[in-house]
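Here the structure is laid out as structure tokens; the discussion comes afterwards.
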Amino acid sequence: MSHRMLHLLLQSVLPLGKGCIFISLCSLTLIPDFFACCCLSCVFLQDVVVASGFTVGKSPTVHKDKLHTFNLLLSGDNACIYVRTFINKAPKYTYVRLGDLKAGSVVNVYGVVVFFKQPFKSRGTDFCSSLKITDQSNQKIGCTIFCEKLEDHPKIFQIGDIVRMHRVKTQFFNDSITLVNTFGFSVVTFDGVAGSAMDPRTSSRSFHLDQEDRQTVEELRSWAASQTILPPVPSSPLSAVQPKAYFDLTCQLLAKAPIDTTCTLLKVWDGTRCPHTLLKVIVEPNAIEGPTSFSTEIENLIANVLVYDNHVEFARQLKPGDFLRIYNLRAIPGSSKVPGLTSSQSEEVDHLAFHLHGGTAYGRGIRVLPENSPDVLELKRVIEALPEDGELNDSAMLEIWSTPPESLGKNGCWMERSCGHDIQSVTLSELKQCDPGRVHHVRVQLRSYEPRRLHQALKLYCSKCTSIQDVPDDELVASLFSEASKDPGPCSPPPWAFSGWVDIPGDSPGSSKRALSVHLSTQLMSEGKTKELIFLMGSTLEETCRLTSGYQNIVPVRASGGHMALLDLSAPFLFRGRKRYYGCRQCSEAAAREPCAEGVELIDEKIIAEALGVQLLQFVLLMKLELQDGTDTLEAFLWRDAESFFRVSAEDVAANQEAQNSIRQTMDSLCPAGGSTGECPWLDLCLTVYRAEDDGGQNQTCYQICHTTITKTPSTQSDPAPA
DNA sequence: GTTTAGGTTTTG
């Protein structure tokens, strides 16, 4: 009968001395000294308690105490009590239909967005959002929101989005009621697509969303779907753009460059091909933020967007890699005068330029879309499905090198090309004369490589901003954990969490136990998945690692401003067994949120990262190899194809010694320590040649090993040197 | 418990 889970509604709570509480509804007695470490005063009436890992047994004292005939007994180390508290019970809000608004009151409303402007700078102290909403009463109500902080504004992405606003005042303007935010204003926005995820967009620290709210949103969604009076969504991919049209473009920013004080160039793509020739804008390479050159294939997919006047300042804050929606973008056909330099192509007639004119009319503006929004996920799918391109623009790769010398051991092995290119090998001196953008075969020896400390070859890579960083060492991570657990102060758990305590097993038998605060997703709890994901507070790095044997996913959290927050992203945001996962500090909007695990078979790092707003960093291997043949030497990167080169995954290298050893053995074989180059095996490699920017913003030619795999065969024959 | 804006297309 162990590991039963009981959901008990506490009608009354009577502490019965140390380690024991009495629950009157079910009259079950909890006996263990487990409670010695739990603070019973934090359990209140109406709280829901979940006990797991207890044994239900006949109460031996039933005749004496007249209590329930059964009691719960702690069994084993895995017992947990989770308490769902309602201490900070949200007040009940009432919402006024838009047809029932009266001037001169403060109300809460729901509405479907039929028009909106992104926040713009007002002449006063605030940003101003302008929107118009409607509901089943068919009234269209204008709303004006003034907030100093951008994040407090409604996060509206599209016509049809649904907003819930608290504390807006009604007032007359031009004979109709309008809504303006007032003290205590807050807003939550939802996607308007019927049946889509109920993913609330808000900066409100604590907002309440119950079943009634979900129902209201779903009702508005299906009502809106049945309405024909709602304006159409003016979105279009590049492949469907009509000349002269105004449209909304969902895209990724690849690079940007200031043109003059009133105009900035944004180079964007959405993975689709525009049937019209796109305007090429030529700017000084050192004025460009992001890659300065692209392959012809990619170049043909890039739309050059010129943004003017008030949008220039907003564009300044954008980063290459950002996913954007540009509202009311205009496709301008024919030649047009562009400030700065344009190629001769701008004189031709059949091409499209894209202008985001000044002003905010028609909602003109730019918005950064979050990584996990459905439109961005779709955009990523389209972009990832594009045929892979040979040319790379990894300027970050050139900057990351560290060079500590160290020496290593022996043995032989061969390489095998898997590229399928049917081309003759060239010598290194010939290769250096070749133009970028092609692949070549070479027959070379490995003269040296960096880093000699192989663990430094392991890096963390952000696919969004393309930055590469070192994996933080344990000392740094441990210090972040101890910093985070210092004096946490009071912390109210998020509304979706069950809270409880978990015993940390002592590191040796008999050593004292420590109980730490944990939070679990209500939804996972209800599915009985108590071991799949915990949010763990106040643990040391070492304790966190020890708990990974009992829980599949551990997200370390801390108390911040009375709320649960993630640790600094320099620390892993997730522990899965021996694997640790990191997030990009630049690209994440991290917060402790409940993952949507409905119907999810396996809760993995991707699902958790997405829920937490973390841009997951990928483990990669990065090395620089000095190659030689009889004619020259050449430095080549081993990066994109490093995993297949070594036949290991970088993630495994991060987590296990075996994978690390196999890389060491390979490198020892290819480049025996202390040996003369005569002992180095000859390697058949496939190399790609490409241009990338160095730290000085200068283009330089780079070489990278691709499509080449180690074959674990000890070398017994000596290969002849190439001619 | 003050102000801002109050949709409606640049003129590149």
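Within every chain, numbering begins at 1; the chains are lettered A, B, ... in the order of the sequence lines, protein sequences first and strands thereafter.
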Donor/acceptor link under 3.5 angstrom from A:Arg330 side chain onto base of B:dT10: yes

Partner set under ring-ring contact (aromatic ring centres under 6.0 Å, His included) for A:Tyr110, not counting sequence neighbours: A:Tyr95

A:Phe190: partners by ring-ring contact (aromatic ring centres under 6.0 Å, His included), with sequence neighbours left out: none

Sugar-phosphate only, base, or nothing, as touched by A:Asn328 at under 4.0 Å among non-hydrogen atoms: base

Interatomic distance where CZ belongs to A:Phe354 and C1' belongs to B:dT9 [whole Å]: 17 Å

Candidate nucleotides B:dT9, B:dG7, B:dG12, ranked by approach to the side chain of A:Phe115 - the nearest: B:dG7

Residues in side-chain contact (heavy atoms from CB on, under 4.5 Å) contact with A:Ala331, at least two apart in sequence or another chain: A:Val241, A:Phe247, A:Leu352, A:Phe354

Acceptor/donor pairs from residues 171-180 of chain A side chains to any protein atom, 3.5 angstrom cut, sequence neighbours excluded:
| unit_1 | atom_1 | unit_2 | atom_2 | d |
| --- | --- | --- | --- | --- |
| A:Ser176 | OG | A:Phe173 | O | 3.3 |
| A:Thr178 | OG1 | A:Gln171 | O | 3.2 |

Atom-to-atom span, CZ of A:Arg364 to P of B:dG7 - whole angstrom: 15 Å

Contact list for DNA chain B against residues 96-111 of chain A - heavy-atom distance below 4.0 Å: none

For A:Glu218, all residues meeting side chain to side chain donor-acceptor pair (under 3.5 Å), sequence neighbours excluded: A:Arg221

Sugar-phosphate only, base, or nothing, as touched by A:Gly142 at under 4.0 Å among non-hydrogen atoms: nothing

From CA spacing to verdict: side chain to side chain donor-acceptor pair (under 3.5 Å), A:Thr250, A:Asp375: CA-CA 8 Å; A:Thr250 307; A:Asp375 294 321; 5.4 Å; no

Between A:Gln215 and A:Glu219: side-chain donor-acceptor atoms closer than 3.5 Å: yes

Nucleic acid footprint by protein, nucleotides 1-6 of chain B - heavy-atom cut-off 4.0 Å, B for base, S for sugar-phosphate alone: B-BBBB

Listed once per pair and sorted, the salt bridge (Lys or Arg N to Asp or Glu O under 4.0 Å) pairs that draw on residues 311-323 of chain A, sequence neighbours left out: A:Asp322-A:Lys464

A:Ile326 CD1 to B:dT10 P, straight-line distance once rounded to whole Å: 18 Å

Residue whose nearest DNA chain B nucleotide is more 5′ - A:Asp309 or A:Ala361: A:Ala361

Atom P, compared across B:dG1 and B:dA5: separation rounded to whole Å: 24 Å

Torsion-based syn/anti label for B:dT8, 90° from 0 as limit: syn

d(NE2, A:His357; P, B:dG12) in whole Å: 9 Å

Length of the line joining A:Asn310:CG and B:dT9:P, which is rounded to integer Å: 15 Å

Pairs under 3.5 angstrom only: tabulate donor-acceptor contacts from the side chains of residues 153-161 of chain A to other protein residues two or more places apart or in another chain.
| unit_1 | atom_1 | unit_2 | atom_2 | d |
| --- | --- | --- | --- | --- |
| A:His153 | ND1 | A:Ser129 | OG | 2.6 |
| A:His153 | NE2 | A:Phe127 | O | 3.3 |
| A:His153 | NE2 | A:Cys147 | N | 3.4 |
| A:His153 | NE2 | A:Cys147 | O | 3.0 |
| A:Lys155 | NZ | A:Glu151 | O | 3.2 |
| A:Gln158 | OE1 | A:Arg325 | NH1 | 3.4 |
| A:Asp161 | OD2 | A:Phe157 | N | 2.8 |
| A:Asp161 | OD2 | A:Gln158 | N | 3.1 |
| A:Asp161 | OD2 | A:Arg201 | NH2 | 2.4 |

Rounded distance in Å between the P positions of B:dG6 and B:dT10: 14 Å

